[in-house]
Structure formats: structure tokens, C-alpha cells
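This report refers to the structure that appears directly beneath it.
Just so it is clear: chains get the letters A, B, ... in the order the sequence lines come, proteins before strands, and each one is counted from 1. Everything numeric here is computed off the predicted structure, so don't read it as measured data.
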Amino acid sequence: MPRILITSALPYINGIKHLGTLAGSMLPADVYARFQRSRGNETLYICATDEHGTPTELAAAEAGVAPSDFCAEMHKVQYDLGRKFGLSWDHFGRSSSPQNHRLTQRFAQTLWEAGFIEERVTQQVYSLADKRFLPDRYVIGTCPHCGYTAARGDQCENCTRVLDPADLIAPRSAISGSTEIEIRDSKHLFLRQSLFAPKLREWIEGKKGEWPLLVTSIALKWLDEGLQDRGITRDLAWGVPVNAMDWGANPEGKLPDLAGLADKVFYVWFDAPIEYIAATWEWADAVAAEAGLEPQDVNWERWWRLPEASDVTYVEFMGKDNVPFHTVGFPCTLIGVNERRDGEGRWSVVNNSPWKLVDQLKGFNWLDYYGGRFSTSQGRGVFMDTALELLPPDYWRWWITANVPESQDSSFVWEQFQAQINADLADVLGNFVNRILKFTETRFDGAVPADGLDGPLEQKLAKDVAAKLAELTEHMEAREFRKSTTALRQLWVLGNQYLTEAAPWTALKTDPARAAVAVRTGLNLVALFAKVSEPFIPFTAEIIAQAVGESFPGRWPQPDAALDILPPGRPVKAPEVLFRKIEDDQVAEWIARFGGAEPVPQPA
RNA sequence: GGCUGGGUAGCUCAGCUGGUUAGAGCGGUGGAUUCAUAACCCACAGGUCGGCGGUUCAAGUCCGCCCCCAGCUACCA
């Protein structure tokens, strides 16, 4: 049986995520994970918080707490919110975990000893007032090209020109505003990505047509522009320490400069992808602890290391901003650990249990808010915590999945959200479940009727359902989420069409057996909908399953037996209204609260 | 500036290697129905496929130029 390993891009620890983050990785990954489990495939869905880097240190300082405490608290917040949205992580780890420290350091050591990491001295801006090195964008000043006075050290937002902090006129710290800044030398480790360029190109070229165009295009863009070596350490206090005292000599016989690397931590983008692996290790430790076993009794490497993992399909989900790090940076790390390169550029596998590279990479564009970006500072857009105060998670899950930015940026618009939720969930699905169950209660004593035999109408329905179910299954296998939601909605529509045609309320007067067939068929449709809707709207799917006495979560149905689920005589019961409609005055209120098409008027 | 992606009905989007009258949902209009959350079901409305030029028997689909939107441009993550 195939195994499916799923990771979604790690949400950054710095604050509560908005709907775009949910759309860009976590929710599609969850829908896919639920589908795969429902298909009976052994599935592991891994996610974690991405905790290191300058923004974390600054946010913790602002909150007046240590970064470790800040992260521990925010991890819990993000975990709870994810669970409330029904995200079915097998494990939601932390990139600051001991497991990730160990793996990151071990990988770095291997890369050093293989000659894939080298030391370089770089010039970095240091702020005396802040007592820290400043990343380029944390230095602001006047743009030498356009005179904009709040240009960042990496790029001027006004004229869009790419800058170097040294270009800025009157540079100052973006943190404190202090002009007491200077350029200092700092020793750093660089991952020699340039050595990997030909190998990566061959790998990416082979994924053309298989991965989304967006993904291969971004990856090839980086290769076409010439892959540069990348600094993988930073001058920060919070992170995975380089800790190179046990490292051996590199191929040139050189040992690392322990003094020069003493206060360095790894760059967040070096350790964050490794956390996918480390979080799997965390998962195994947690499973072992729960079962009263020793940690080594749960084998987590079978998900990651060949040949044991040869039956694993590894699927990554992420927004387009993450694509370079997953198609270039992380693969360099893994290939560098797995293989060696000789002087002629020939590669050979040295590790007898190499780490697995990604098989399927699903990348997404941006979800905007009325055509603009979500903005924390301006209070523009909807965030995960407030979303759940307004409406149940399934409303959000459905809309986001149906509008996920697969081929281009898409927009969240309240009016459209309202229209789609009301039509799809309340009118089509919710009303269908309600109408057939209510009818069963009033006319068939609330039990699946046994009388009658299928006629042409039922045969046609079975054929249509089988075709649509096959289509849905195919789209889900291909991770085509918009098309999947379309197929699912069409499946729901088949239910309403059938019921209208079969009209048991009419048949009841002349041919009770015919009415019984229609009701039984309708109830089986309800059971079917519970099963196929579960990946998308799990909370409601469970209520629907219970209404017809089915266990939950159920197995993904086979097309030829999709309508043969419920035994005659099974008691059924109409649930409370599944989806309450979103009213116009609610929408008006939310637009006023969160912003809409019109710019939010500034108080005078 | 360079590069990447996108520009298809009022709105949100499908349209693979070029091939009969360009599709879906929403919104709109009309009809049917009464089991149901004033729900469902049926039908209709119609867009010079961003612009111009080219290749071809045939172009939304290929080529060239131009316009517009978004992103990236390596120390934000």
C-alpha cells in the first residue's frame, strides 16, 4: 500500500496568521491528507511553527519576554487555532525542538566535511544602540535614486530599485531609529549552492508538466539567473547554534574557525525545512511516549530514508514565496548530505540510506483581500482567530478550498463569500440533507425504507454519480482543489436533481413502493455526501454521517457501490440546520469592521 | 531595469500538445414545483478571449512588439 508524506509550509511564529496563510499551504494540505487517509493510504501530515530569525527576536523584545517563552506561547496559540479549523496534523512541531537542533547540526557537519560549506567573511551593518547586527531591510534611509526618505536597505519601496544598505543616504536603524550604525566584518558559513546547479536543473526539468507551472518556473528562474552560494548562518542569539567543535576537517584538511563562528546560529531558512524531518522525529517520540514505548521503538526514518521510504510519496504544499527554498535550498542540503561530488563534477551516492527529496510540490499564488494584501498593521482582512468568532470553520474551509489561488492570485470579497456559502452549503448541500431527512421522518417513520426496486431513474443516477465521483477522485489525486470542489458541488446537485425528478412526495399518493425507492436512494446520497465531503468540511460531514447512522470518518466510496451504503430499516434523524445563511447586514457589518473595496477612511 | 506568473461573459474562474456555433458557478431574467433553509429543478441572457501585427486551411491556444496587474531580484521570512 502506498504511503503519503505531507508537509505544509511552516507558519512563522510571529503572530496570528490570516486566511491567505491558510489558503497557501495548511488547508489544501489538510484536505489532501484527509482524502488520502480516507482512501486507506497510510498518511503522515506534518507541520510546525517556524520560530527563528530576526522578527521573532524583535517581537519577543517588544513583548518583554524571552524568545523561548514568546515562541512557546505563540506555538500553543497557532496549534489551537489550527485544530479549531480542523487541521488534521499528525504532528505540529516546533523548529526550535531539540530534535531539530540535532538534525540541523548533524546535516551541517556532514556538509562541511563533504566540502559543501565554506567560511566567508561578510560585511554587515551593526547598530550600536540596538547592540545587534541588522538585516538589510532593517536599515532605512534616503534612496540615492529617488530621494524617498524611508527606503529599506534591500529595496526602495518607492522606486522599486534594489539597494544595498551601503547605498542609503543618512542610514539609520529601523528598530530604534539610531544613526549610530557601522559596518562590521562577520564570519559566516555559506552553502555552496552553485556546485549543485546542473544537478538541480536536471531534476527540475524532469518535473516540468508534473509540478505546477508556477513552481517549475520559479525554480528555473533562480537557476537561469545563476545559482549563488548562500549564507546559512546569522548573528543572532535565538536559533540553532552552529556549535562546530566536533566537526572534522573538510576535504582540504581545514577545520572550522571555532572562534569566528562562536556566536552564530543557523539561518532560519536552513533549519526550517529540516524541521519537516525533525518534526517527524518529534511525532515518533510523542507516539512512543503515549504508548509507553522507548523512543527508538517508533521508526520515523522509514518516512524519510531510502530504501525503506521507497513506497512513500512526499508531497509539499506552500505559497509561491516559499518555492525557491524548497526547490533549491533544501534540496541542496539533502543532496549534499546524500552524495559526494568529485573534481569533474560527477556525483555519487555515499550514504547507503539517503534522505528523500520531494516528489510532488504544490505551490500557490496569493489570496488577496479585495485585490490588496492582508495587513496586520492596518487591520485589513480576516485572521484565523477572528474568522472563527464570525462563522464556523467549515464555512471558511469550503470557500478557501473552492477559491484557492492555484493558477493566479485570487481575492477574498465578502459579497462573493456570502453568495457562494449560501448557494453551495446552505441551499445545495444543507437543504438537500434537510429535505430528504425531514420527509423520511414525517412519511417513513424516520427509517430507511425497504420497499421497491431501482428503476431507470436510479440506474441513471448511479451512472451519473459514478462518473462524477470518479472525476472528483481524479482531481483530488491530482491535487486540483478548485476542480475538486466543483465536482463535489455537482455531486450534491445530482442529489437535488434526482429528488426533484423522482418526487417521492408525488409518488407516495399513487405508488408507495416507488416513493420508498426514491427516499432510500436519497438517504444513500446523504451517506455518500458525508463521506466525500469529509476532506473539505469535516465538522459538518460528521453531523451528516451521524444523521444517517454512519461511522465517521468513513472510507472514500468506490464508484460502483456509491449508493449502496445504508441497510434498510436503519433509523435516521434530521439534524439541526447545517448551514445558517449569511445575512446582508452581517456582511455590511464585517465590511465596516475589516475593510472592503473602499479605502478605510482615516480618522481626522 | 531584468526575470517569473497573469490579463477570457457584470463578478470569480475552466479552457492540455492550435480544429465543429468559446465553457462553469455566482449575479440577472423567465418558467416549473411544493418534500425542504422564500430553498430546489429547468431554460434563457451573451464575451471583437488586454492591444496591434504575423504564421497557418484553421489561433483564446504558436511567433513578434506594446499596454496593464502581481511577485521575485539572494541578510524579511
Side-chain angles (χ1 to χ4, degrees), chain A residues 9-14 50 52-56 122 124-125 133-139 152-155 159-162 164-165 186 188 193 209 212-214 216-222 224-231 233-236 267-269 272 320-325 328-329 365-366 368 371-373 402-403 406-411 413 415-416 418-420 422-428 430-440 442-443 480 482-483 485-486 489-490 493 495-501 503-506 508 515 518-519 522 574 577-581:
Chain A
L10 308 187
Y12 198 63
I13 194 75
N14 178 20
D50 177 18
H52 300 135
T54 304
T56 300
T122 62
Q124 288 298 309
V125 176
F133 283 92
L134 299 178
D136 289 358
R137 70 163 44 194
Y138 285 87
V139 183
R152 290 192 323 228
D154 58 342
Q155 185 167 26
C159 69
T160 76
R161 263 184 247 251
V162 176
D164 186 274
S186 183
H188 283 289
Q193 295 187 149
L213 176 64
L214 176 75
T216 50
S217 297
I218 291 174
L220 289 173
K221 168 177 142 68
W222 279 63
D224 289 343
E225 289 175 353
L227 203 51
Q228 297 171 30
D229 299 336
R230 182 145 199 155
T233 51
R234 291 292 184 272
D235 292 288
L236 293 171
Y267 174 40
V268 45
W269 269 116
K320 59 185 171 185
D321 56 326
N322 277 236
V323 168
F325 302 103
V328 174
N365 286 283
W366 302 123
D368 292 330
R373 305 299 299 276
N403 293 279
E406 278 173 321
S407 62
Q408 57 188 303
D409 294 349
S410 63
S411 270
V413 172
E415 294 86 342
Q416 196 229 334
Q418 174 195 24
Q420 185 157 13
N422 287 351
D424 291 352
L425 296 186
D427 295 346
V428 175
N431 181 51
F432 174 77
V433 172
N434 191 49
R435 69 195 290 206
I436 183 65
L437 281 165
K438 281 271 171 67
F439 190 75
T440 307
T442 55
R443 304 302 174 84
E480 296 273 6
R482 276 177 181 263
K483 288 176 181 170
T485 55
T486 298
R489 187 185 51 236
Q490 287 170 343
V493 167
N496 281 311
Q497 284 173 338
Y498 168 77
L499 219 50
T500 301
E501 263 191 281
W505 46 89
T506 305
L508 202 52
V519 167
V577 167
L578 292 173
F579 301 101
R580 212 162 283 288
K581 290 200 191 189

Query raised in the report: Can you tell me how far P in B:rC57 sits from the matching atom in B:rC65, rounded to whole Å?
Result: 24 Å
Query raised in the report: Which heavy-atom pair separates A:Q193 from A:D229 by the least distance, and what is that distance?
Result: N-OD1, 3.1 Å
Query raised in the report: B:rC44 and B:rA24: how far apart are their C1' atoms, nearest whole angstrom?
Result: 16 Å
Report task. Assign each of A:D224 and A:R482 to its nearest nucleotide of RNA chain B by heavy atoms, then name whichever residue's nucleotide is nearer the 5' end. Result -> A:D224
Query raised in the report: Is a side-chain N or O of A:H52 found less than 3.5 angstrom from the main chain of A:V268, in a donor-acceptor match?
Result: no
Report summary line: Scoring nucleotides 72-77 of chain B by protein non-hydrogen atoms under 4.0 Å (B base, S sugar-phosphate only, - none) yields BBBBBB
Report summary line: Separation of B:rA24 atom C1' from A:R489 atom CZ, nearest Å, is 8 Å
Query raised in the report: Can you find a pair of side-chain heavy atoms, one from A:Q416 and one from A:N403, that are under 4.5 Å apart?
Result: yes
Query raised in the report: For the pair made of CD in A:Q416 and C1' in B:rG10, what is the distance, rounded to whole Å?
Result: 13 Å
Query raised in the report: What interatomic distance, in whole Å, is found between C1' of B:rG27 and the corresponding atom of B:rC13?
Result: 14 Å
Query - Nearest-angstrom distance, C1' atom, B:rG18 to B:rC35 - result: 50 Å
**Report entry** Nearest heavy atoms of A:L499 and A:F432, plus distance in Å
**Finding:** CD2-CE1, 3.8 Å
Query - A:F133 side chain near A:T54 side chain, heavy-atom distance below 4.5 Å - result: no
Query raised in the report: What interatomic distance, in whole Å, is found between P of B:rC40 and the corresponding atom of B:rU29?
Result: 15 Å
Report task. Round to a whole Å and report the spacing from CG of A:N365 to P of B:rU4. Result -> 16 Å
**Report entry** From B:rG71, B:rC26, B:rG7, nucleotide with atom closest to A:Q408 side chain
**Finding:** B:rG7
Query raised in the report: For RNA chain B, what are the stems built from at least three Watson-Crick or G-U pairs in a row, each pair having both distances below 3.5 Å?
Result: B:1-7 with B:67-73, B:10-13 with B:23-26, B:28-31 with B:41-44, B:50-54 with B:62-66
Query raised in the report: Could you run down nucleotides 34-47 of chain B 5' to 3' and tag each one B, S or - for protein heavy-atom contact under 4.0 Å?
Result: SBBB-SSSS-----
Report task. Please name the pair of heavy atoms, one in A:D368 and one in A:D409, separated by the smallest distance, quoted to 0.1 Å. Result -> OD2-CB, 4.0 Å
Query raised in the report: Looking only at heavy atoms, what is the nearest atom pair of A:V428 and A:N496, with distance?
Result: O-ND2, 3.1 Å
Query - Pairwise P distance for B:rU4 and B:rU21, with rounding to whole Å - result: 35 Å
Report task. Taking the six-membered ring of A:W366 (Phe, Tyr or Trp), confirm whether the NZ or CZ of A:R373 is under 6.0 Å from its centre and within 45° of its axis. Result -> yes
Query raised in the report: Which of these nucleotides, B:rA70, B:rG71, B:rC13, is closest to any side-chain atom of A:S410?
Result: B:rC13
Query raised in the report: Quick one: are A:R152 and A:V139 in side-chain contact, heavy atoms under 4.5 Å?
Result: no
Requested in this report: List the atom of A:F579, the atom of A:G430, and the distance in Å for their closest heavy-atom pair.
Outcome: CD1-CA, 4.2 Å
Query - d(CD, A:E480; C1', B:rG15) in whole Å - result: 12 Å
Requested in this report: Would you kindly give the CG-to-P distance between A:D368 and B:rA70, to the nearest whole Å?
Outcome: 9 Å
Query raised in the report: Tell me, do A:I218 and A:K320 make a side-chain contact under 4.5 Å, heavy atoms counted?
Result: yes
Query raised in the report: Which residue, A:Q490 or A:V413, contacts RNA chain B at a nucleotide closer to its 5' end, judged by nearest heavy atom?
Result: A:V413
Query raised in the report: What heavy-atom pair brings A:D427 and A:A423 nearest, and what distance separates the two atoms?
Result: CB-O, 3.3 Å
**Report entry** Integer angstrom distance from the P of B:rG47 to that of B:rA74
**Finding:** 46 Å
Query raised in the report: Parallel, tilted or perpendicular: which describes the rings of A:W222 and A:F325, with under 30° parallel and over 60° perpendicular?
Result: tilted
Query raised in the report: B:rG2 phosphate, OP1 or OP2: any side-chain N/O from A:R161 under 4.0 angstrom?
Result: no
Query - Pairwise C1' distance for B:rA39 and B:rU20, with rounding to whole Å - result: 39 Å
